[in-house]
Amino acid sequence: MRRYLKLMGLFAKYSLMSVMEYRINFAAGVLVEMGWMIIKLLYVAIVYRAGISIGILSPDHIMLFIGTYVMMTGFYMLYYFNFTSLPGMVQQGELDLYLVKPVSLQFYVTMRRLDFSMFLPNFVAGSILITTGWKRAGLPAGVWQVAGFLFFLLCGCLLTYSLFLLPYLLSFWILSVGGIGDITAALWDFNNMPSAIYGKWMQRIGTFLLPVFVITNFPGLFLMGRLTPGTMVWGAAAPAVFFLIARFVWKRAVRNYSSASS
């Protein structure tokens, strides 16, 4: 684990060095992402102006949930382009270059490039929304609450990696995954609001079958005391379950890879 943490630090270092060589491109990327951020924040403005409540969720609670979604988007965007580049690597044989690396192929391919221009605006805006919503909603901020909130944020980050890697692994078996990329983007945006706006069956599907709600809803629900012991266990177990699934599919996919020289 220490070796991979060190490698992650090196990836981050070299990714920053790379973008700093072309600072105008980095600044342009930040500005573009900030533009998208303004569109996302319109959700908050509309909720506050209309004074909309969703069940027990006040506008302040909704701000907390949206802030969590925005922050998690930042973490996802860190390595997102590694996922989208995977189909091209498979089809063009570029994956051959990484097969002999003395490190996990999955780790190297999915984490080698980190995009901080996408991460920073989302992280900053998400932090502000979370802090503001947390305070205005009057939710407790003791050691237990903060630790639990951070724990479920971490679980959400780990689950995001495994859950959204799976669709791109289909590129080892099929030629075009453009439609799959669009579906995963729509699935991610599906949880930009609290799960309470959906029906019970949709909430169950989004919690247990395709657990996108675990990623962005569980931290806020924990603060509100709305997680049962069973759902808390699932929130902690889901990242491990889907990582094992993703790892299994990855190994099968690599065995199916024929390389460019075949």
Side-chain angles (χ1 to χ4, degrees), residues 1-22 25-26 29 72-120 122 154-188 210-212 215 237-262:
M1 180 63 69
R2 183 179 301 174
R3 180 189 183 197
Y4 284 98
L5 289 175
K6 183 178 179 180
L7 281 172
M8 182 64 75
L10 290 174
F11 289 158
K13 176 182 176 180
Y14 291 127
S15 294
L16 281 172
M17 290 173 62
S18 177
V19 297
M20 286 298 104
E21 290 182 8
Y22 305 95
N25 287 343
F26 177 75
M72 296 304 294
T73 298
F75 284 110
Y76 180 33
M77 289 297 105
L78 262 178
Y79 51 82
Y80 170 75
F81 291 106
N82 294 315
F83 287 7
T84 58
S85 65
L86 181 59
M89 294 175 63
V90 173
Q91 294 169 14
Q92 299 169 19
E94 185 183 347
L95 198 63
D96 293 7
L97 302 175
Y98 305 105
L99 290 172
V100 295
K101 299 289 185 182
V103 68
S104 167
L105 179 65
Q106 179 182 342
F107 175 81
Y108 192 90
V109 168
T110 59
M111 287 292 172
R112 71 190 188 283
R113 185 179 64 176
L114 302 177
D115 191 337
F116 289 94
S117 66
M118 303 284 281
F119 167 74
L120 290 174
N122 285 285
L154 176 61
C155 289
C157 289
L158 298 175
L159 178 58
T160 298
Y161 172 85
S162 301
L163 183 61
F164 286 89
L165 173 62
L166 283 169
Y168 290 99
L169 295 182
L170 292 175
S171 61
F172 284 89
W173 289 278
I174 61 178
L175 292 177
S176 177
V177 294
I180 294 174
D182 294 337
I183 292 173
T184 57
L187 181 63
W188 178 258
L210 294 173
V212 291
I215 297 170
V241 170
F242 277 85
F243 178 78
L244 292 175
I245 294 173
R247 187 64 181 155
F248 172 78
V249 176
W250 174 272
K251 289 181 178 180
R252 291 290 300 272
V254 171
R255 283 201 296 267
N256 184 72
Y257 178 64
S258 58
S259 88
S261 59
S262 299

I need the [X] [atom1] to [Y] [atom2] distance, nearest 0.5 Å.
| X | Y | atom1 | atom2 | result |
| --- | --- | --- | --- | --- |
| N122 | Y76 | CG | OH | 12.5 Å |
| Q106 | S162 | CD | OG | 7.5 Å |
| I245 | L169 | CD1 | CG | 12.0 Å |
| L165 | Y79 | CG | OH | 9.0 Å |
| F81 | T84 | CZ | OG1 | 6.0 Å |
| R3 | L5 | CZ | CG | 12.5 Å |

Side-chain contact test, heavy atoms from C-beta onward, threshold under 4.5 Å: evaluate it for [X] versus [Y] and give yes or no.
| X | Y | answer |
| --- | --- | --- |
| L244 | R247 | no |
| Y4 | M111 | no |
| Y14 | R112 | no |
| L159 | P211 | yes |
| D115 | M77 | no |
| T160 | F75 | no |

Verdict with supporting geometry, W250 and V254, side-chain contact (heavy atoms from CB on, under 4.5 Å): CA-CA 6 Å; W250 174 272; V254 171; 3.4 Å; yes
Verdict with reasoning, W173 to N256, per side-chain contact (heavy atoms from CB on, under 4.5 Å): CA-CA 8 Å; W173 289 278; N256 184 72; 3.4 Å; yes
Y168 and Y80 aromatic ring geometry - parallel, tilted or perpendicular at 30°/60° bounds: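 The arrangement is perpendicular - the two ring planes meet at more than 60°.
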Whether W188 and F164 hold their rings parallel, tilted or perpendicular, with breakpoints at 30° and 60°: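 Ring orientation, 0 to 90° scale: perpendicular.
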Candidate pair L99 and Y257, rule side-chain contact (heavy atoms from CB on, under 4.5 Å), full reasoning: CA-CA 11 Å; L99 290 172; Y257 178 64; 4.0 Å; yes
Residue from F116, F11, Y161 passing side chain to side chain contact (heavy atoms under 4.5 Å, CB included) with L78: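 Checked F116, F11, Y161 against L78; only one passes side chain to side chain contact (heavy atoms under 4.5 Å, CB included): F116.
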